[in-house]
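For reference, the structure is listed below as structure tokens.
Throughout, a chain's letter reflects where its sequence line sits, starting with A, and its residues are numbered from 1.
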Amino acid sequence: MQHSPSKASAFWKGKGKEPAQDYDDLRPTITYRHLYSHNLGVRDPLRVVALCDSDAFYAACERVRLGLDPSVPLVVQQWESLIAVSYPARQFGISRMDKLQDAKKKCPEIVAIHVATYKEGEKEPGYWPDVDTRTHKVSLDLYRRESNKIIQFFKQALPSGEIEKASIDEAFIDFTRPVREVLLKRFPHLAQVPPDAPHGVDIPLPPPPPIDWSELGVLIPLRPTEEDEDGEPHFAEDDVTCTWHDVALSIAAELMAKIRHDVHENLGYTMSAGISRNKFLAKLTASNKKPNSQSILRNSAIPTYLRPIGFQKIRFLGGKLGDALAKEYDVSTVGDLLAVSLDEMQNKFGDSALWVYELLRGIDRSEVKEKSALFKSMLASKNLPTPITKAADGHQWLRVLAAELALRLKEAREEMPTLWPKTIVLHARKGYEASRSKQSAFPFTHEVTVDVIATAADKLWKELTGNMKNLKVTAVQLAFTGIETAESGQQSIQGFFKSKEPPRSPLKRTRPGNDEIPPEADSLQVMTELHESASSTFFLCERCNRTISASEMERGEADHITALAKLRMEHDDFHFAQDLANGSDIQVPKRKKTTEPRGIARFFIKK
DNA sequence: TCTTCTGTGCTCACCAC
DNA sequence: GTGGTGAGC
């Protein structure tokens with residue numbers, strides 16, 4: 001990479017000026033209409049997203065499982081290499097690249113735990129004394145289970161927040177709605193448009209209150225920190241000015257801190273979080289300070305924070321596209337790429353250009369969306385240090401892989417009882433040749449046992465290896481693909497494609513492809529109607545088609561608009577609770593099925 | 001002292017034919 | 001139905 005004397009450095013010395021229109025998106029005018037609309041989605045100027053990830057997750061899982069003190073240095077090993085290093089262990093300079101022996105040299109008293117493994121003939125993974133890559137296969141099951149516990153905790157703590165599990169140790173949380181709820185409660189004057197306002201609901205909000213960030217986490221500074229001798233950062237004067245979006249961030253930070261605290265109390269895991277206006281920035285911010293900390297990136301701090309970052313570290317820019325960009329313009333940082341115009345980029349990179357262009361400027365329109373809970377595929381694989389040469393060996397390994405799939409499917413069905421893999425696929429690789437695969441329909445059985453899977457796998461194995469001259473298989477993969485729920489299968493059979501997930505509440509209706517704020521956004525309409533008829537204390541719920549009126553207690557609320565907002569939210573909660581009650585007894589808070597299973601779904605009813 | 005760069009063994013999604 | 005790639009933990 002070349003080093004280019006950039007305009008950015010001039011800017012930091014105070015000679016340049018921020019390119020005016022580049023960052024307009026970061027300073028939106030926020031009006032009452034924005035505040036009252038609950039369905040602006042990614043265009044909400046008060047949007048707040050967090051990325052929360054567990055610190056040294058695998059190591060923490062083992063620490064919790066064994067009831068060890070958090071301060072003990074601990075590593076998780078997979079054969080001789082390390083797959084997780086606890087923070088106390090990192091103090092000894094141990095890193096994930098070390099081998100176990102290196103770690104022991106650096107810290108003789110290190111606690112080394114080998115990941116659980118499946119062993120030939122065993123139905124469940126365990127912690128065996130004789131782990132050996134030639135006979136065992138690693139199991140990440142414990143980590144998946146603990147990960148799900150944390151996700152469930154998030155969901156229960158934030159009924160109105162959207163949670164997206166991003167990986168085994170991270171989740172995105174959309175705080176926009178929970179923050180709105182707090183915001184209206186805490187600043188009740190916002191629920192009322194000043195009566196003499198000429199443009200009513202379209203006027204900007206009044207100036208926000210000052211924010212005390214001291215307990216809320218690490219603030220990403222507005223400009224590069226110039227530290228004094230004590231290492232304390234200097235802040236410029238304008239650091240104290242803030243916006244309503246900053247207030248929203250601060251509320252999200254409160255909620256996030258509470259959740260992190262509660263997860264620690266209840267499950268024992270410490271987590272780090274990043275809080276900002278979208279997923280991309282939240283993820284970036286989360287890595288600011290670890291472990292057990294949270295960082296906040298305000299809109300005003302975004303340009304400074306992004307500029308020096310190597311763009312190839314950004315998600316989806318780490319691969320081919322990032323390489324192409326680096327080559328084309330011979331640059332490496334976000335700041336460098338800011339000089340490239342949108343037109344220029346579109347000519348060279350077509351459709352992905354706009355997305356990149358916006359990303360560089362802190363804009364990311366991707367939604368926080370709960371992944372449809374069901375995986376499309378489920379795979380268990382094993383590289384074989386000692387290749388399979390006899391059919392019987394193959395059979396043994398297939399049973400190991402089958403045991404893993406059986407257990408994982410069983411566990412997945414505890415949450416989604418109707419999960420059904422349509423096909424089973426076996427891959428086998430010989431040395432460095434390309435792997436070959438065979439697949440077949442997977443039998444439709446209520447109980448998916450190791451035997452059922454292993455039998456199907458054996459058939460595929462014969463097809464695959466039957467005509468091999470010298471059997472020498474160095475890698476095997478067994479997978480379920482086309483995993484669906486019986487319900488959705490039913491729906492597709494019956495042609496009920498539309499609205500698989502009816503809106504949970506009237507307030508949450510999405511309006512795809514609508515750039516403008518709808519003039520009669522449903523919640524807004526309720527608010528303004530109420531504003532106009534100053535005495536009403538009821539509203540009509542579109543969902544249950546009933547008039548909901550305030551109780552005596554709620555009528556005692558300081559002003560009835562606040563009362564109505566509260567009422568509305570509580571009524572949503574009522575629907576939410578009702579949805580819960582109508583579902584089965586599993587404690588998944590959202591996305592419950594509300595109807596009795598029909599058709600093939602009946603196969604799955606517990607006896 | 002700090003971040004960054006390694007690699008391996010998985011796991012998952014998507015696409016072309 | 002098969003094979004291949006890209007991406008991330």
Grab the CG-C1' distance between A/Leu82 and B/dC5 for me, whole Å please. 16 Å
Quick note, A/Ile168 side chain, CB onward, closest among C/dC9, B/dC10, C/dG1 is C/dC9
A/Lys459 and A/Ser440: side-chain donor and acceptor closer than 3.5 Å? no
Distance check needed: C/dC9 C1' versus A/Arg315 CZ, whole Å only. 12 Å
Step through the shown structure and confirm whether more than 12 heavy atoms of other residues, nucleotides or ligands are within 6.0 Å of CZ on A/Arg145. yes
Assess A/Arg65 against A/Tyr127: is NZ or CZ under 6.0 Å from the centre of the six-membered ring, and within 45 degrees of the ring's axis? yes
Within the 4.0 Å heavy-atom criterion, would you say A/Arg90 contacts the bases, only the backbone, or no part of the nucleic acid? nothing
Can you see if the side chain of A/Lys376 gets near the phosphate of B/dC14 - specifically, an N or O under 4.0 Å from OP1 or OP2? yes
With a 4.0 Å cut-off on heavy atoms, is A/Glu80 in touch with a base, just the backbone sugar-phosphate, or nothing at all? nothing
Which residue, A/Arg96 or A/Gln477, contacts DNA chain B at a nucleotide closer to its 5' end, judged by nearest heavy atom? A/Arg96
Send over the distance from A/Ile83 CD1 to B/dT11 C1', rounded to a whole Å. 13 Å
Looking at the side chain of A/Arg144, which of C/dA7, B/dT11, B/dG9 is the nearest nucleotide? B/dT11
At 4.0 Å (heavy atoms only), tell me whether A/Ala479 reaches a base, stays on the sugar-phosphate, or touches nothing. nothing
Can a side-chain donor-acceptor contact be found between A/Asp364 and A/Ser366 if the only test is distance below 3.5 angstrom? yes
Nearest-nucleotide wise, let me know which of A/Ile314 and A/Glu463 is further upstream toward the 5' end of DNA chain C. A/Glu463
Between A/Met97 and A/Trp79, just flag the one whose closest nucleotide in DNA chain B comes earlier from the 5' side. A/Met97
Measure from CG on A/Leu100 to C1' on B/dT8 and round the result to the nearest Å. 16 Å
Tell me: CD of A/Gln312 to P of B/dC5, nearest whole Å? 10 Å
Can you see if the side chain of A/Lys137 gets near the phosphate of B/dT11 - specifically, an N or O under 4.0 Å from OP1 or OP2? yes
Over all strands shown, is A/Lys99 touching base, sugar-phosphate only, or nothing at heavy-atom distances under 4.0 angstrom? nothing
Taking C/dG8, B/dT11, B/dC10 as options, the one with an atom nearest any side-chain atom of A/Lys382 is B/dC10
Distance in angstrom units between A/Asp169 CG and B/dC10 P, rounded: 19 Å
Selection from B/dT11, C/dG3, C/dC9 that lies nearest to any side-chain heavy atom of A/Ser167: C/dC9
Rounded to whole angstrom units, what separation is found between the NE2 atom of A/His427 and the C1' atom of B/dG9? 16 Å
Categorize A/Ser377 for me: base, sugar-phosphate, or nothing, with a 4.0 angstrom heavy-atom threshold over every strand shown. sugar-phosphate
So what does A/Val425 touch, heavy atoms closer than 4.0 Å: a base, only the sugar-phosphate, or nothing? nothing
Indicate, with a heavy-atom threshold strictly under 4.0 Å, whether A/Lys283 touches base, sugar-phosphate, or nothing. sugar-phosphate
State whether A/Ser381 places a side-chain N or O below 4.0 Å from either non-bridging phosphate oxygen (OP1 or OP2) of B/dC10. no
Give a yes/no answer on whether the side chain of A/Arg408 brings an N or O atom under 4.0 Å of OP1 or OP2 in B/dC12. yes
Can you tell me if A/Arg436 has over 12 outside heavy atoms packed within less than 6.0 Å of its CZ? no
Which atom names give the shortest non-hydrogen contact between A/Lys104 and A/Ile110, and what distance separates them? CG-CG2, 3.9 Å
Identify whether any heavy atom of A/Phe57 sits under 4.0 Å from a base atom; if not, whether one sits that close to sugar-phosphate; answer base, sugar-phosphate or nothing. nothing
Counting any heavy atom closer than 4.0 Å, what does A/Ser435 reach on the DNA or RNA strands: base, sugar-phosphate only, or nothing? sugar-phosphate
Once you measure the plane-to-plane angle for A/Trp420 and A/Phe444, does it fall in the parallel (<30°), tilted (30-60°) or perpendicular (>60°) bin? perpendicular
Using whole Å, what does the distance between atom C1' of nucleotide B/dC10 and atom NE2 of A/His136 come to? 18 Å
